[in-house]
Amino acid sequence: ILINAQFPQFQSRHPECTAMAIDQGIIQAIGTREEMESIPASNRLIEDMHEQYLLPSICDSHLHLLEYANFLAKVDCETASREECLQCVHRQVELTPPGQWVLGHGWNHNRWPEGYGNASLLDEISQQHPIYLTAKSLHAGWANSAALAAAGVHTDTPDPKGGKIPRDESGKPDGILLESAMQLVEAVIPPANRDETIRRLQHAFQQLNRFGITSVHDFDTWELFPILQELNKNSALPLRVVKSIPSHCLPQAIESGLRSGQRDGNVQVGWLK
């Protein structure tokens with residue numbers, strides 16, 4: 001029983017609503033504390049809400065859960081200046097073992113007094129870590145020399161179809177990649193292993209819960225489904241997830257006996273994507 005709470009008054013028939021009774025995750029009733037305590041129960045726990053508002057939680061009806069989790073693991077580059085962005089990257093480099101990638105997202109050269117960055121600025125932070133930062137627009141990337149080398153991008157690399165590799169006066173790539181040229185670096189970034197993926201997802205769950213989001217409809221890759229099943233089995237999934245089926249995975253889903261609407265705890269099979 002939650003007592004001493006405030007509720008949005010959508011209906012005048014509950015003017016004295018200050019308490020709520022919940023049983024096994026299901027709201028049983030709302031009203032006064034006395035009314036809630038009068039409900040028969042073999043076990044009762046009372047929690048004081050200290051006049052906080054209780055609001056319905058939110059369902060995000062279109063989310064890429066794994067993509068969001070990976071995004072949260074990146075350096076936040078949405079800063080007021082280029083120098084501030086470089087400081088954020090530097091802090092992450094200090095926490096990252098040499099040889100591992102440092103990824104970031106959100107920079108906006110239109111907002112920065114200094115304008116675009118270049119590979120040399122990132123090289124000053126580290127040449128032992130490949131560094132790659134995507135722009136807020138997702139139409140540009142910023143890489144250091146280690147990231148360019150890992151992608152095989154050098155002076156003789158031609159601009160890919162639909163993209164451009166800006167160059168300095170000597171013809172050397174300057175670290176900015178535009179449009180499809182971004183894929184040259186993104187293709188060589190190693191994916192997170194299973195343990196790291198689970199850690200990232202758990203962080204994403206915490207963030208979503210903080211926003212009041214308790215259920216999502218997910219449209220990410222099918223590889224996420226068995227991970228969600230495992231977390232659900234271990235009572236480590238604090239979200240209800242409707243998992244859509246990518247069209248190329250439909251035969252696999254049918255062979256596994258899955259059906260739309262099938263639910264196991266907090267995981268429900270969704271529709272075809």
**Student:** Flag yes if Trp222 and Trp271 sit in one hydrophobic cluster, no otherwise; membership is Ile, Leu, Val, Met, Phe, Trp, Tyr, and two members link when side-chain heavy atoms are under 4.5 Å apart.
**Tutor:**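 No; tracing contacts between hydrophobic side chains, which count when under 4.5 Å, never links both residues.
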
**Student:** Does the Asn70 side chain pair with the main chain of Ala73, one donor and one acceptor, at a distance under 3.5 Å?
**Tutor:**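 Not confirmed, Asn70 side chain does not pair with Ala73 backbone.
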
**Student:** State, yes or no, whether a side-chain contact exists between Ile22 and Met20 at a heavy-atom distance under 4.5 Å.
**Tutor:**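 A side-chain contact under 4.5 Å exists here.
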
**Student:** Would you indicate whether Gln128, at its atom CD, is surrounded by more than 12 heavy atoms from other residues, nucleotides or ligands within a distance under 6.0 Å?
**Tutor:**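 Incorrect, the count does not exceed 12.
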
**Student:** Identify, with sequence neighbours excluded, every residue that meets salt bridge (Lys or Arg N to Asp or Glu O under 4.0 Å) alongside Arg240.
**Tutor:**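 With sequence neighbours excluded, Arg240 shows a salt bridge (Lys or Arg N to Asp or Glu O under 4.0 Å) to no residue whatsoever.
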
**Student:** Does Val153 share a hydrophobic cluster with Ile176, counting links as ILVMFWY side-chain heavy atoms below 4.5 Å and allowing steps through other members?
**Tutor:**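 They do not share one cluster, since no chain of ILVMFWY contacts under 4.5 Å joins Val153 to Ile176.
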
**Student:** Indicate yes or no: at least one non-hydrogen side-chain atom of Leu201 is less than 4.5 angstrom from one of Leu66.
**Tutor:**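 Counting from C-beta outward, Leu201 and Leu66 do come under 4.5 Å.
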
**Student:** Would Val241 and Tyr68 show up in the same hydrophobic cluster when neighbours are defined by side-chain heavy atoms closer than 4.5 Å?
**Tutor:**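 Yes, it is one cluster - the side chains of Val241 and Tyr68 are joined through contacts under 4.5 Å.
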
**Student:** Shared ILVMFWY cluster between Ile27 and Leu2, side chains joined below 4.5 angstrom?
**Tutor:**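 Yes, it is one cluster - the side chains of Ile27 and Leu2 are joined through contacts under 4.5 Å.
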
**Student:** Considering non-hydrogen atoms only, spot the tightest contact between Ser81 and Glu84 and give its length.
**Tutor:**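 What the structure gives for the nearest pair is OG-N, 3.1 Å.
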
**Student:** Taking only residues two or more places apart in sequence or in another chain, which ones pass side chain to side chain contact (heavy atoms under 4.5 Å, CB included) with Leu138?
**Tutor:**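 Expected list: His105, Thr134.
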
**Student:** Checking side-chain hydrogen bond (donor to acceptor under 3.5 Å, both in side chains) between Gln268 and each of Lys243, Arg263, Gln262, which is the one that passes?
**Tutor:**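 One option only clears the test, and that one is Arg263.
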
**Student:** Nearest 0.5 Å, what's the CG-CG distance between Leu65 and Leu228?
**Tutor:**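 Reported value, rounded in 0.5 Å steps: 6.5 Å.
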
**Student:** For residues Asn118 and Trp142, report the shortest heavy-atom separation together with the two atoms involved.
**Tutor:**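 Heavy atoms only, the tightest pair is O-NE1, 2.8 Å.
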
**Student:** Which atoms form the tightest heavy-atom contact between Gly163 and Ser180, and what is the distance?
**Tutor:**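 Shortest heavy-atom separation between Gly163 and Ser180 comes out as N-OG, 2.9 Å.
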
**Student:** With a 6.0 Å cut-off (strictly less than), is the heavy-atom count around NZ of Lys172, excluding the residue itself, greater than 12?
**Tutor:**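 Atom NZ in Lys172 is not packed in, count stays at 12 or less.
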
**Student:** If you apply the rule side-chain contact (heavy atoms from CB on, under 4.5 Å), what do you find for Leu122 with Leu86, and how did you get there?
**Tutor:** CA-CA 7 Å; Leu122 295 178; Leu86 291 170; 3.7 Å; yes

**Student:** Salt-bridge test for Arg199 and Glu196: reply yes if a basic N is under 4.0 Å from a carboxylate O, no otherwise.
**Tutor:**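 Looking at Glu196 together with Arg199, the answer is yes, because their closest N to O distance falls below 4.0 Å.
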
**Student:** Could you pull out all residues at least two apart from His62 that satisfy ring-ring contact (aromatic ring centres under 6.0 Å, His included)?
**Tutor:**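 Listed in chain order: His64, Phe219.
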
**Student:** Can you tell me if Glu94 has over 12 outside heavy atoms packed within less than 6.0 Å of its CD?
**Tutor:**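 For Glu94, atom CD is crowded (more than 12 foreign heavy atoms under 6.0 Å).
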
**Student:** Applying side-chain contact (heavy atoms from CB on, under 4.5 Å), run through Phe225 and Leu258 and close with a yes or a no.
**Tutor:** CA-CA 12 Å; Phe225 185 65; Leu258 297 177; 3.8 Å; yes

**Student:** What I want to find out is whether Arg44 reaches Glu37 closely enough, with some N-O distance under 4.0 Å, to be called a salt bridge.
**Tutor:**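 Between Glu37 and Arg44 there is no salt bridge, as every charged N stays at least 4.0 Å from the carboxylate O atoms.
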
**Student:** Out of Val102, Leu103, Ile131, which one pairs with Val75 under the side chain to side chain contact (heavy atoms under 4.5 Å, CB included) rule?
**Tutor:**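 That would be Val102.
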
**Student:** Nearest 0.5 Å, what's the CD1-CG distance between Ile1 and Asp23?
**Tutor:**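 If I round to the nearest 0.5 Å, the distance is 10.5 Å.
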
**Student:** So which atom in Leu178 and which in Pro166 form the shortest heavy-atom distance, rounded to 0.1 Å?
**Tutor:**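 That would be CD1-CG, 4.0 Å.
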
**Student:** Following the transitive rule for hydrophobic clusters with a side-chain heavy-atom cut-off under 4.5 Å over Ile, Leu, Val, Met, Phe, Trp and Tyr, establish whether Met182 and Tyr116 coincide in one cluster.
**Tutor:**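 No, no single cluster joins them.
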
